[in-house]
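What you see below is based on every heavy atom in this structure, not just the backbone, and it leaves out hydrogens, waters and symmetry mates.
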Amino acid sequence: MPPSSNEAVNAHYAYLGSSLNIFYIIYFFVVSFHFSLYAQVSRKFGSTNLYDIIMGTYFIPKEAQRIFMFLDLNQSTTIAEEIGHLKYSRLIQECFSKLTHHIENYDAEVYQYVGDEAVLTWQKSNSIAAQQCLDLFKDFQDNLDAAAHEFKTEFGWVPKFKSGVCYGTVAIAEVGDYKRDIAFHGTVLNTGARLCQLCKEINEDILFSNSFFSLLTHGVDRLDYIGDYMLTGRTSNEKVYRLLS
């Protein structure tokens, strides 16, 4: 017996409903995949860098004012030799994992990780960003100190970082073809790296350039002038400041 018209209509709607369900499921997985892929790529390059690479913002180099913070693990060679390179790598992973929380809280960006060193930068170069820079370093070190027992138990060492902070004009350019990236060029980067090295030479935790000091309007009393230093690669002395405890 042929199906009634109502049965045929019901069967038709059931087929459409089943087809729509399959479509929605496929659509959900496709959209979820693309959002997940974007999130992973964004975490890899940084959301700002990813946008700038896609849009070609710095295909032609541009100048900008930037704050840079160089964070370098103290006694890194000694630690690596004592605990071995695999355990040392896990130590670095744990440190930078804790650093991520503070990067997000203080509007910083990761410029690059180089071995046991992290270079952070701020898009906004004003007194508020300078204050955030001071607070980030203190909170990061407090975070490491709070986890001292865990670090000591697992690695036999409690990590401590030295830092050099500077501010100035840099050129920003897209570099590379096979692996494109956003790079910063300028003497300000050399200054930050040399200040980080100077920390180890004069046993200070963090040092600041004169240009960074001049950027502060609040928190100036937190810094202390310690003298003029001839930094490697420079032709004139740099006024250097330290953070008061």
Side-chain angles (χ1 to χ4, degrees), residues 39 42-49 66-80 82-125 127-167 192-193 195-200 202-209 212 215-216 218-224 241-245:
S42 180
R43 288 182 67 87
K44 171 68 175 176
F45 293 100
S47 58
T48 304
N49 283 353
R66 286 273 186 150
I67 296 171
F68 288 91
M69 170 180 279
F70 288 74
L71 286 163
D72 191 24
L73 180 64
N74 200 28
Q75 294 184 284
S76 56
T77 302
T78 302
I79 297 174
E82 183 169 312
I83 68 177
H85 62 278
L86 290 178
K87 205 169 185 178
Y88 176 74
S89 292
R90 293 202 304 273
L91 171 64
I92 296 300
Q93 285 180 323
E94 184 64 27
C95 289
F96 289 164
S97 177
K98 291 184 180 299
L99 177 63
T100 300
H101 170 72
H102 303 293
I103 290 170
E104 294 170 348
N105 280 354
Y106 293 107
D107 295 330
E109 297 177 359
V110 177
Y111 169 37
Q112 59 185 8
Y113 294 110
V114 183
D116 52 34
E117 181 182 70
V119 184
L120 309 183
T121 184
W122 278 258
Q123 273 202 333
K124 294 180 180 179
S125 296
S127 60
I128 295 174
Q131 188 65 47
Q132 289 176 321
C133 182
L134 299 179
D135 293 337
L136 183 149
F137 180 80
K138 183 181 183 303
D139 285 357
F140 175 49
Q141 195 58 61
D142 287 346
N143 193 353
L144 295 178
D145 291 341
H149 178 71
E150 290 81 357
F151 278 112
K152 190 70 174 178
T153 301
E154 185 173 356
F155 303 106
W157 285 83
V158 178
K160 192 173 183 65
F161 281 77
K162 302 294 187 183
S163 180
V165 180
C166 55
Y167 161 73
L195 286 172
C196 197
Q197 179 61 38
L198 182 62
C199 283
K200 300 176 181 180
I202 64 175
N203 196 30
E204 291 288 346
D205 290 336
I206 183 169
L207 295 174
F208 304 87
S209 69
F212 178 85
L215 188 63
L216 284 169
H218 302 290
V220 173
D221 56 344
R222 295 176 62 184
L223 299 188
D224 179 42
Y241 299 78
R242 67 179 176 181
L243 184 64
L244 292 172
S245 56

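- Taking CZ from F151 and NZ from K160, the interatomic distance works out to 13.0 Å, rounded to the nearest 0.5 Å.
- Of the residues Q132, Q123, K124, the one that meets the side-chain hydrogen bond (donor to acceptor under 3.5 Å, both in side chains) test with D107 is Q132.
- Heavy atoms of other residues, nucleotides or ligands lying less than 6.0 angstrom from NZ of K200 number more than 12.
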Next on the checklist: Determine whether Y106 and D139 satisfy the following criterion, side chain to side chain contact (heavy atoms under 4.5 Å, CB included), listing intermediate values before the conclusion.
Outcome noted: CA-CA 10 Å; Y106 293 107; D139 285 357; 2.2 Å; yes
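- For the atom pair K98 NZ and I103 CD1, the distance stands at 14.0 Å (nearest 0.5 Å).
- Rounding to the nearest 0.5 angstrom, the gap separating the OG atom in S76 from the CZ atom in F161 is 9.5 Å.
- With hydrogens and angles disregarded, no donor-acceptor distance shorter than 3.5 Å links the side chain of S97 to the backbone of Q93.
- Smallest separation of non-hydrogen atoms from L195 and S209: CD1-N, 3.6 Å.
- Remark: side-chain polar atoms of W122 are not paired, donor with acceptor, to backbone N or O of M69 under 3.5 angstrom.
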Checklist entry - Between Y88 and L73, is a side chain to side chain contact (heavy atoms under 4.5 Å, CB included) present by the stated rule, with each step listed? => result CA-CA 11 Å; Y88 176 74; L73 180 64; 3.8 Å; yes
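- Across all non-hydrogen atoms, the minimal contact from A118 to L99 is CB-CD2, 4.0 Å.
- Rounding to the nearest 0.5 Å gives a distance of 12.5 Å between CG of L86 and CG of L91.
- Between F68 and F70, the two ring planes are tilted [angle within 30° to 60°].
- To the nearest 0.5 Å, atoms CG (L134) and CZ (R222) are separated by 5.0 Å.
- To the nearest 0.5 Å, the span separating CD on Q197 from CG on L207 amounts to 11.0 Å.
- Using modelled atom types, one finds a donor on one side chain and an acceptor on the other under 3.5 Å when comparing H102 with N143.
- In this structure, the side chain of T121 engages the main chain of I67 through a donor-acceptor pair within 3.5 Å.
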Checklist entry - Under the side chain to side chain donor-acceptor pair (under 3.5 Å) criterion, do Q141 and D205 qualify, and how do the steps go? => result CA-CA 10 Å; Q141 195 58 61; D205 290 336; over 6 Å; no
Next on the checklist: For C133 and Y167: C-alpha separation, side-chain torsions, deciding distance, then whether side chain to side chain contact (heavy atoms under 4.5 Å, CB included) applies.
Outcome noted: CA-CA 11 Å; C133 182; Y167 161 73; over 6 Å; no
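- Closest non-hydrogen pair, I92 versus G115, comes out as CG2-O, 4.1 Å.
- Scanning all heavy atoms of the two residues, the minimum distance from C199 to S163 falls at SG-O, 3.2 Å.
- A donor and an acceptor atom, one from each side chain of Q75 and W157, are nowhere located under 3.5 Å apart.
- In terms of the side chain to side chain donor-acceptor pair (under 3.5 Å) criterion, residue partners of E204 (sequence neighbours excluded) are, by chain and number, R242.
- Nearest heavy atoms, V158 versus A148: CG2-O, 3.6 Å.
- In this structure, I202 places its CD1 atom where more than 12 heavy-atom neighbours from other residues, nucleotides or ligands lie under 6.0 Å away.
- More than 12 heavy atoms of other residues, nucleotides or ligands sit less than 6.0 Å from atom NZ of K87.
- When all heavy atoms of P159 and L144 are compared, the closest pair comes out as O-CD1, 3.9 Å.
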Checklist entry - Given D116 and I79, is the side chain to side chain contact (heavy atoms under 4.5 Å, CB included) satisfied, shown in steps? => result CA-CA 11 Å; D116 52 34; I79 297 174; over 6 Å; no
